[in-house]
Amino acid sequence: DVKVTQSSRYLVKRTGEKVFLECVQDMDHENMFWYRQDPGLGLRLIYFSYDVKMKEKGDIPEGYSVSREKKERFSLILESASTNQTSMYLCASRGGGLTETQYFGPGTRLLVL
Amino acid sequence: QKEVEQNSGPLSVPEGAIASLNCTYSDRGSQSFFWYRQYSGKSPELIMFIYSNGDKEDGRFTAQLNKASQYVSLLIRDSQPSDSATYLCAVNPYMNRDDKIIFGKGTRLHILP
């Protein structure tokens with residue numbers, strides 16, 4: 001069974017704090033993704049990575065950075081958290097191949113006060 | 001801008017009836033298509049994928065693809081209250097890349113007991 005795990009299910013942080021969200025997958029997938037999901041806005045891609053140390057900006061990268069030092073781990077960093085970054089954050093991984101499925105982690109619900 | 005469009009709903013269907021969910025996509029060269037189910041507060045989980053024109057059946061679920069008309073649909077037969085969820089359509093629009101798929105915003109389905 002494919003497993004994508006995220007470091008926290010719920011997180012409360014203060015404005016201005018640096019926040020690390022970590023994601024680990026156990027399927028040797030090349031591709032990993034970070035999304036945020038807000039009511040009415042659907043899934044929005046923040047960053048994705050198609051290989052170790054490689055990253056590409058998604059649709060809403062402002063205020064975020066990422067790190068992929070090992071194939072199985074993809075970290076999302078909020079350099080200085082703001083209240084408008086309160087959201088559900090979802091990590092996903094996907095293997096190569098046009099019909100490969102994208103698997104999601106359980107999500108982290110982040111509240112920035 | 002590659003887009004995937006879904007009616008946001010809610011779509012209300014009586015228990016035991018057929019629920020029909022539709023999705024259109026903008027990129028004619030799209031290769032593969034996915035349906036995810038997402039329960040409230042949970043992460044999306046894959047129900048089906050399809051990449052050839054026609055129907056694909058899996059239990060109570062049937063995915064239908066019409067590339068000429070650029071739409072994909074999901075039929076749920078004998079709808080159950082447990083089918084109440086948001087259904088996300090996802091499309092791989094890239095001819096030569098397999099790393100990123102585009103998600104619709106989802107259709108909320110409510111099965112009436």
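Letters go in sequence order (proteins before strands), and every chain restarts at 1. All values derive from a computational prediction rather than experimental measurement.
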message: What part of B/Glu45 gets within 4.5 angstrom of chain A, counting heavy atoms only: side chain, backbone, both, or neither?
response: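 For B/Glu45, there is no contact with chain A at all, as no heavy atom is under 4.5 Å.
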Chain A contact via B/Leu88 - side chain, backbone, both or neither, heavy atoms under 4.5 Å: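 Contact with chain A involves the side chain of B/Leu88 alone.
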Salt bridge flag under 4.0 Å for residues A/Arg36 and A/Asp38: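 Salt bridge present between A/Arg36 and A/Asp38.
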field: Heavy-atom contact with chain B under 4.5 Å, split by part of A/Arg109
entry: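 Contact with chain B is through the side chain of A/Arg109 alone.
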- prompt: Between B/Phe33 and B/Tyr25, how do the two ring planes meet: parallel, tilted or perpendicular, split at 30° and 60°?
  reply: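 If you compare the ring of B/Phe33 with that of B/Tyr25, the planes turn out tilted.
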query: Parallel, tilted or perpendicular for B/Phe49 and B/Tyr51, by the 30°/60° rule?
result: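 Ring orientation, 0 to 90° scale: parallel.
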query: Relative to chain B, which of A/Gln37, A/Met88, A/Glu30 shows the most heavy atom pairs under 4.5 Å?
result: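 If we count pairs closer than 4.5 Å to chain B, A/Gln37 comes out on top.
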field: Other cluster members, B/Tyr39 - Ile/Leu/Val/Met/Phe/Trp/Tyr, side-chain contacts below 4.5 Å
entry: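 Noted: B/Tyr39 shares its cluster with no other residue.
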